[in-house]
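Computed from heavy atoms alone, side chains included, the values below leave out hydrogens, waters and symmetry copies.
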Amino acid sequence: MFVAGPLVGDDRRVIPVLGYAILAAGLVLALWTGIQAARRRPTSEAQMIGAIVVEVALLVQVVIALVQLFGGHDVAEPVTFVAYSIGVLLALPLGFYLAREERTRWGSVCLCFTAVVVAVMMLRLLQLWQAPVG
Amino acid sequence: MAESRAVNEDRDGRAADADDAPPTGPRRLLIALYLVFAVAATARGVVQIATKFDEAPLAYALSLFSGLVYIAAAVGLITDRRWSRPLAWAAVGTEMAGVLIVGLLSILDSTAFPHDTVWSRFGAGYGYVPIILPVLGLMWLWQTRPNAARD
């Protein structure tokens, strides 16, 4: 659904495009919740929905990546790649849960931190995906 | 759209601007930090030991050890039992010592301590959070100690 005709089968481009979009979304969510924390406010409903949207995008991205990985795409460190793929899905649910429990600015800080974690892990995943196999 | 969001925030935000809120907030942030590092360090240690243990056995064993220390600290922070605070003190104290010792050794002896464990170079690979985290943890434990009012 993300690729037009000419890109089908080119597994080096599908993941980076979606990956960078998720990376950017993670940073936006971090900035947004960070400002919320600076204003001494708990997360807003829109931010919680934002976290869910990013998480769903992550899930789609991880499924595509793992399907391609087991379908023959070579990465330099497959074990690390799979571990990061699973790990990156855990961060936002943690932040979401804490932001729901903690209806103060600290809940916003928690979601902000886990959004940063997503962005960093996404960057690492992109590096691992594109690193030369050797 | 910005207007309607601001209204929501005002309704939700009322609890936040009071200074007499219970001191659960910082603790929850510490829990988030420690859980993330527990997963990151443990997974990294397991992968290193499984794939390249022979390259630097001591460092990679310590990598896994650091993960277990983070898990212990997270358990100590999350639970509210009689052993919770002693466990948190022990784990965060071990973490403080570990990041200082491994950080120093990774600079002095980069063969035995390569730069790819959580505590190497004082946690530079993780934005120096590994050396800030135990400081925050110790500060929180000190400030929330049960007999603080009597001292």
Applying a strict under-4.5 Å side-chain criterion to I, L, V, M, F, W and Y, I'd like to know whether [X] and [Y] cluster together.
X        : Y        : answer
A:Val60  : A:Val82  : yes
B:Ile49  : B:Val69  : no
B:Leu87  : B:Met139 : no
B:Val39  : B:Leu64  : no
A:Leu111 : B:Leu35  : yes

Interface moiety of A:Glu101 toward chain B, non-hydrogen atoms closer than 4.5 Å:
both
Check each atom of A:Val117 against the heavy atoms of chain B and say whether the ones under 4.5 Å are side chain, backbone, both or neither.
side chain
Of the backbone (N, CA, C, O) and the side chain (C-beta and beyond), which part of B:Leu29 lies under 4.5 Å from a heavy atom of chain A, both, or neither?
both
For the side chain to side chain contact (heavy atoms under 4.5 Å, CB included) test, which of A:Leu94, A:Val116, A:Leu90 pairs with B:Val36?
A:Leu94
Got a second to check how far B:Arg27's CZ is from A:Glu102's CD, nearest 0.5 Å?
10.5 Å
Roughly how far apart are A:Tyr97 OH and B:Ile31 CD1, rounded to 0.5 Å?
8.5 Å
